[in-house]
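Below: one structure, written as C-alpha cells.
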There are 2 protein chains.
Amino acid sequence: MKMRDVAKYAGVSVATVSRVLKGDDNVRQLTKEKVLKAVEELNYVPNTLARNLSNMQSKKILVVVPRVSNAVFSSIYHGIQNVVNEKGYQVILIETFNRRDSSVPELIRDRTVEGAILLSAMMSEEEFAEKFKGLPVVLATDNLRERIQSTPSVSIDNVLAAEKAVHYLANLGHRCIAFLGSRSDSIGARERLEGYKNGLHQHGLKVDESLIFEGEWSLESGYHLANQMLFQKKLPTAIFAASDNLAIGAISALSEQGVRIPEDISIVGFDNIAVSEYLTPALTTIEQPSVQIGEKAADMLLTILDHQLLEQMHVELNSKLIIRNSCRRMKYLERGDEPK
Amino acid sequence: MKMRDVAKYAGVSVATVSRVLKGDDNVRQLTKEKVLKAVEELNYVPNTLARNLSNMQSKKILVVVPRVSNAVFSSIYHGIQNVVNEKGYQVILIETFNRRDSSVPELIRDRTVEGAILLSAMMSEEEFAEKFKGLPVVLATDNLRERIQSTPSVSIDNVLAAEKAVHYLANLGHRCIAFLGSRSDSIGARERLEGYKNGLHQHGLKVDESLIFEGEWSLESGYHLANQMLFQKKLPTAIFAASDNLAIGAISALSEQGVRIPEDISIVGFDNIAVSEYLTPALTTIEQPSVQIGEKAADMLLTILDHQLLEQMHVELNSKLIIRNSCRRMKYLERGDEPK
DNA sequence: CTGAAAGCGCTTACAG
DNA sequence: CTGAAAGCGCTTACAG
C-alpha cells in the first residue's frame with residue numbers, strides 16, 4: 001500500500017495525494033474529499049522513511065543522559081519530551097553510563113536525528129568544540145568539566161544554590177558544617193563545593209578540610225562518606241550534601257550508628273527528588289527546577305533547528321530551598337564558638 | 001557530500017562504495033582501500049535517511065512507558081537498551097502518563113520504528129488485539145487489564161511474589177497484616193492482592209477487608225492510605241505494601257504519628273528500588289528483576305523482528321524476598337490470636 | 001487547481 | 001570483482 005495505490009484508487013495523481021496529506025490548501029475541496037476517502041478505505045499510512053528522505057529531516061532529536069534511573073535526569077528528560085512532542089518530534093534516548101559515547105555527532109551527521117540535548121559532557125571545551133562544532137546541540141547540565149561558551153546551555157547557579165543551603169544552616173546556629181560531595185571533575189560538583197565554602201566565609205566560619213568528603217553522587221557513596229566522617233574524632237553538627245542521594249545514603253549510615261537526624265546532626269540535601277519529602281525526617285533540600293531545565297533546553301534546540309536566533313546562549317534557572325524536617329536550630333550554648 | 005562524491009573521488013561507482021561501506025566481501029582489497037581512503041579524506045558519513053528507505057528498515061524500536069521517573073520502569077528500560085543497542089538499534093522512548101496513547105500502532109505502520117515494547121497497556125484483550133494485530137509488539141509488564149494471549153509478554157508471578165511477602169510476615173508471628181495496594185485495574189494490582197489473600201489463607205488467617213487499602217502506586221498514595229489506616233480503631237502489626245513507593249509513603253505517615261517501624265508495625269515493600277536499601281530502617285521487600293524483564297522483552301522483540309520463532313510466548317521471571325530491617329519477630333504473647 | 005517528472009541518497013539484482 | 005540502472009516511496013518546482 002503506497003501513495004500511488006491511493007492515487008489510482010482516488011483517480012488523481014500522487015502529487016495530489018501528497019498535497020492533501022500535508023494539508024496543502026491548493027486543492028479543490030471535492031478532490032480533497034476523494035483522496036481522504038481513498039486513504040480511509042485503503043487504510044493507508046504514509047511511509048515515514050520515504051517522507052524523511054524527501055524532506056531530509058527525521059523529526060527526531062537525541063537526548064543523551066548518564067542514566068535514566070537518576071531522578072534528576074528523568075525529570076529533565078520529561079521536560080524535554082513535554083515540549084518536543086508538542087512539535088511533532090520523537091526523542092531517541094541514549095544512556096551512556098559515563099562511558100565515553102562518541103556516537104552523538106555521528107548520529108546528527110548521518111541524519112538519524114536533527115539535533116541533541118546532552119545531560120552530561122565530561123570533556124574539555126576544546127575537545128567538545130572539535131566534536132560538536134556547528135552541530136545543533138544544547139547542554140542541559142552542569143556535568144561539564146568546564147563551561148562551554150560556544151554551545152547553548154541551561155543550568156542553575158550551583159554556587160548560589162549551595163550558599164543558600166549553608167546560609168540556612170548557619171542561620172540555625174550551626175558552626176561546624178560538613179560537606180558531602182562528588183569528586184567528579186564537573187562544574188556542578190566544583191561549584192557546589194565553592195558555594196559551600198563561600199557560605200561559610202559569609203558567616204565568618206572557617207573552611208575545615210577534614211569536614212569535606214568527596215565520592216560519587218550515589219546513595220552508596222553517601223553511605224560510605226558518612227561512615228568515613230563517623231570514624232573521625234570531630235563530628236559536625238550539620239551536613240550539606242550536594243545531592244539528595246548523598247544525603248539519603250549518609251542518613252542511612254548515621255542512623256545505623258545511632259546518630260539522630262536532626263537531633264544530633266542536621267542535614268540539607270540537593271535536588272529535591274520525589275522521595276525526599278517522604279523520608280523520616282523529611283529532607284530539607286535545594287530544589288533544582290529539573291523539568292524546566294529540560295523544557296528550556298528543548299525550546300532552545302527547537303529554536304536552533306528552526307534557524308531562529310537564541311535570546312540567550314546561557315540560561316540560568318533559579319534554585320530554591322525547600323525547608324522540611326531534617327535540620328534543627330542550635331541552642332546558643334551548644335555553639336562551639338561565638339558567631340562573629 | 002554524498003556517496004557519488006566519494007565514488008568520483010575514489011574513481012569507482014557508487015555501487016562499489018556502497019558495498020565497501022556495508023562490508024561486502026566481494027570487493028578487491030585494493031578497491032576497498034581506495035574507497036575507505038576517499039571516505040576518510042572527504043569525511044563522508046552515509047545518510048541514514050536514504051539508507052533506511054532503501055532497506056525499508058529504521059533500526060529503531062519504540063518503548064512506551066507510563067513515566068520514566070518510576071524506578072521500576074527506568075530499570076526495565078535500561079535492560080531493553082542493554083540488548084537492543086548491542087544489535088544496532090536505537091530506542092525511541094515515549095512517556096504516556098497514562099494518557100491513552102494510540103499513536104503506537106501508527107508509528108510501527110508508518111515505519112518510524114520496527115516494533116515496540118510496552119510497559120503498560122490498560123485496555124481489554126479485544127481492544128488490544130484490534131490495535132496491535134500482527135504488529136511486532138512485546139509486553140514487559142503486568143500493567144494490563146487482562147492477560148493478552150496473542151502477544152508475547154514478560155513478567156513475574158505476582159501472586160507468588162505477594163505470597164512470599166505474607167509468608168515471611170506470618171512466619172515472624174504476625175497475625176494481623178494489612179495490605180496497601182493500587183486500585184488500578186491491572187493484573188499486577190489484582191494479583192498482588194490475590195497473593196496477599198492466598199498468603200493469609202495458607203497461614204490460616206482470615207482476610208479482613210478493613211485492612212485492605214487501595215489507592216495509586218505512588219509515594220503520596222502510600223502516605224494517604226497509611227493515614228486512613230491510622231484513623232481506624234484496629235491497627236495491624238504488619239503491612240504488606242504492593243510497591244516500595246507505597247511502603248515509603250506509608251512509613252512517612254506512620255512515623256509522623258509516632259508509630260515506629262519495625263517496633264510497632266512491620267512492613268514489607270515490593271520492587272526493591274534503589275533507595276529501599278538506604279531507608280531507616282532499610283526496607284524488606286520483594287525484588288522484581290526489572291533489568292532482566294527489559295532484557296528478555298528486548299530479546300523477544302528482536303527475535304520476532306528477525307522472523308525467528310519465540311521459544312515461549314509468555315515468560316515469567318522470578319521474584320525474590322530481600323530481608324532487611326523493616327520487620328520484627330512477634331513474641332508469642334503478643335499475638336492477637338493463636339496460630340492454627 | 002492538478003499532473004508529469006525529477007529528485008532525495010542510498011541498495012542491489014543483473015549483466016558482464 | 002565492478003558498474004549501469006532500477007528501485008525504495010515520498011515531495012515539490014514547474015508547466016499548464
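When reading the values below, keep in mind they use all heavy atoms of this one structure, side chains included, and skip hydrogens, waters and symmetry mates. Chain A is the first sequence line, chain B the second, and so forth, proteins listed ahead of strands; every chain is numbered from 1. The model shown is predicted, which means the values in this text are computed figures rather than measured ones.
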Query raised in the report: Got a salt bridge between A:Lys37 and A:Glu33, using NZ or NE/NH1/NH2 to carboxylate O under 4.0 Å?
Result: no

Query raised in the report: Under 6.0 Å between ring centres, would you say that holds for A:Phe97 and B:His78?
Result: yes

Report task. Round to a whole Å and report the spacing from CG of B:Leu49 to P of C:dG9. Result -> 10 Å

Report summary line: So CD of B:Glu126 and CZ of B:Arg145: to nearest 0.5 Å the spacing works out to 13.0 Å

Query raised in the report: When we call it a touch if two heavy atoms are under 4.0 Å apart, what does B:Thr31 touch: a base, just sugar-phosphate, or nothing?
Result: sugar-phosphate

Query raised in the report: Pick one: which of A:Lys296, A:Gln312, A:Met300 meets side-chain contact (heavy atoms from CB on, under 4.5 Å) with A:Pro152?
Result: A:Met300

**Report entry** Donor + acceptor pair across side chains of A:Ser184, A:Ser186 (<3.5 Å)
**Finding:** yes

Requested in this report: Return yes when atom CD of A:Glu130 has more than 12 non-hydrogen atoms of other residues, nucleotides or ligands closer than 6.0 Å, and no otherwise.
Outcome: no

Query raised in the report: How far apart are the C-alpha atoms of A:Ile304 and A:Val138, what are their side-chain angles, what is the distance that settles it, and do they pass the side-chain contact (heavy atoms from CB on, under 4.5 Å) test?
Result: CA-CA 9 Å; A:Ile304 295 169; A:Val138 174; 4.0 Å; yes

Report task. Produce a footprint string for nucleotides 10-16 of chain C: one letter per nucleotide, 5' end first; B if the base is under 4.0 Å from any protein heavy atom, S if only the sugar-phosphate is, - if neither. Result -> BBBB---

Query raised in the report: Quick one: B:Asp24 CG to D:dC1 P, roughly how many Å, whole number?
Result: 10 Å

Query raised in the report: In dot-bracket notation, what is the pairing pattern of DNA chain C, taking Watson-Crick (N1-N3 plus N6-O4 or O6-N4) and G-U wobble (N1-O2 and O6-N3) contacts under 3.5 Å, with [ ] crossing and | for other strands?
Result: |||.||||||||.|||

Query - Integer angstrom distance from the P of D:dT2 to that of D:dA6 - result: 23 Å

Requested in this report: Provide, to the nearest angstrom, the distance between the CG atom belonging to B:Leu53 and the P atom belonging to C:dG9.
Outcome: 12 Å

Query raised in the report: Atom CG of B:Asp5 to atom P of C:dG9: distance rounded to whole Å?
Result: 9 Å

Requested in this report: With sequence neighbours left out, write down each residue that passes ring pair (Phe, Tyr, Trp, His ring centres under 6.0 Å) with B:Phe128, or none if nothing qualifies.
Outcome: B:Phe132

Query - Pairwise P distance, C:dC1 and C:dA5 [rounded to whole Å] - result: 24 Å

